[in-house]
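Let me begin by presenting the structure, written as structure tokens, before commenting on it.
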Protein chains: 2
Amino acid sequence: MTDERELLVLGLLMAQSQHGYQINEFIEKNLGQVSDMKKATAYSILKRLNQGGFVEVSVEQEGNRPQRQIYTITPSGERRFLELLRASIATADNVTPAGNIGFMFIDHLNGQEAVKLLEEKMQKVDHFLGMLSLVPQHGHGTGVDLSIKHRIALLQCEKDWLARTIQELRTRKT
Amino acid sequence: MTDERELLVLGLLMAQSQHGYQINEFIEKNLGQVSDMKKATAYSILKRLNQGGFVEVSVEQEGNRPQRQIYTITPSGERRFLELLRASIATADNVTPAGNIGFMFIDHLNGQEAVKLLEEKMQKVDHFLGMLSLVPQHGHGTGVDLSIKHRIALLQCEKDWLARTIQELRTRKT
DNA sequence: GTCGAAATAATCATACGTGACTATACACGT
DNA sequence: ACGTGTATAGTCACGTATGATTATTTCGAC
């Protein structure tokens, strides 16, 4: 998890030098669908990256506004970025996709309630699918699009599985 | 994340009162495919649950062995369990399935390497799929089986997506 | 001109998760 | 009887992530 967050921050700095607020704004506004990293976390990651020599800090003053720390990726940081990127793409640690533990104990609920809750979940998945398909394409085959398509594919799969499972539970109850 | 872990521990205590070591052993040996929670984490969760009045502790001494803390779920704990269970089944917070951030930046690699890394990932997914299909069935339609089937479905979907994407990248490169 | 809301830019206290470590008891070979 | 590996049962120090908070500036409404 940590590595993915560092990768995200380094990736944004690969595009251009930025200050903390800018990074957070970008994540909030454009990547809300992709990362749930919080402001304070981004700042602490920037600090860590700086201590590791992966980014450099310079201070900027604009008008009367408070000082800002501008972060710039270093050559060492670019190497680190590629390292993390390769690891991220090539690995599949994939333990427990969130929400899976609950299924283990579903027998503690009666069939009717289980079905109702699964339907609720399916609706939420569907709603989320809707949000994602509204995200505009960035261009042909950019990584960002790939990433979005990946999420859509997984969510669609989740939705299908829920539909099948609900059917099964309904049948069994009879 | 925290909630899912609490749910897991409470769920195990719903089946029977247990001491910490027993819980950890069970998770390690039987749920390695389902949860990556570590020993120390389980102990700290038990402590928290105890402080919240969701489990009670009693001390047991068996022969000359060191004392053991036996944890028993309380009525309040059972309510909490159901609460967490319902929430877990009905929600779909699903932000960033691990490994997705990497795709965003895949353009920083050349096509050939990207394909190679995706193939590596696919192999790992496939290997993991193999492991999961070896897990013995617990019985007909128990939650545990449902949970495993869910993971298999998602992994299969991931594998298919990777295969499609690799094809696409190959085509594009030409 | 002034008052409150929103934007800007961050820090801090706190809780959570985990690798490393501690410590005892038993089994087994030699 | 002695070492030594493994099972038992847990604690602790440390790093990470985040909600809450701080502090200043700009802007629009009145």
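None of the values given here were measured: they were computed from a predicted structure. Here is the naming used below: chain letters follow the sequence lines, and residue numbers restart at 1 for every chain. Values reported hereafter were calculated over all heavy atoms of this structure, with side chains retained and with hydrogens, waters and symmetry mates removed.
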Residues within residues 38-50 of chain A bordering DNA chain C, heavy-atom distance below 4.0 Å = A/Lys39, A/Ala40, A/Tyr43
Under 4.0 Å: is that the gap between some side-chain N or O of B/Arg5 and OP1 or OP2 of C/dT18?
-> yes
Value in whole Å for how far the P atom of C/dT18 lies from CD of B/Glu28 | 13 Å
Does D/dA9 have OP1 or OP2 sitting under 4.0 Å from an N or O in the side chain of B/Gln69?
-> no
Greater than 12 external heavy atoms within 6.0 Å of B/Lys47's NZ | no
Take atom CD of A/Gln18 and atom P of C/dA9, then tell me their distance rounded to the nearest Å.
-> 12 Å
Within the pair B/Tyr21 and D/dT8, is there a side-chain N or O less than 4.0 Å away from OP1 or OP2?
-> yes
Check ion pair A/Glu119-A/Arg170 (N to O, under 4.0 angstrom) | yes
B/Arg5 with B/Asp36: basic N within carboxylate O range, under 4.0 Å | yes
Partner set under salt bridge (Lys or Arg N to Asp or Glu O under 4.0 Å) for B/Glu28, not counting sequence neighbours = none
Report the distance from atom CD1 of A/Ile27 to atom P of D/dT18, rounded to the nearest whole Å.
-> 11 Å
Whole-Å distance separating the CD1 atom of B/Ile23 from the P atom of D/dT8 = 15 Å
Euclidean distance, atom CG of residue B/Leu8 to atom C1' of C/dG17 [Å, nearest integer] | 15 Å
In whole angstrom, give the distance that lies between atom CD of A/Gln22 and atom P of C/dT8.
-> 10 Å
Options C/dA9, D/dT8, D/dA9, nucleotide nearest the side-chain atoms of B/Arg68 | D/dA9
In whole angstroms, how far is the P atom of D/dT18 from the CG atom of A/Asp36?
-> 6 Å
Could you tell me whether the side chain of B/Leu8 reaches within less than 4.5 Å of the side chain of B/Ile45, counting heavy atoms only?
-> no
May I ask you to check whether over 12 heavy atoms, not counting those of A/Glu56, lie within 6.0 Å of atom CD?
-> no
Can you check the B/Phe26 CZ to D/dA9 P distance for me, whole Å?
-> 17 Å
In terms of hydrophobic clusters joined by side-chain contacts under 4.5 Å, are B/Ile73 and B/Leu84 together?
-> yes
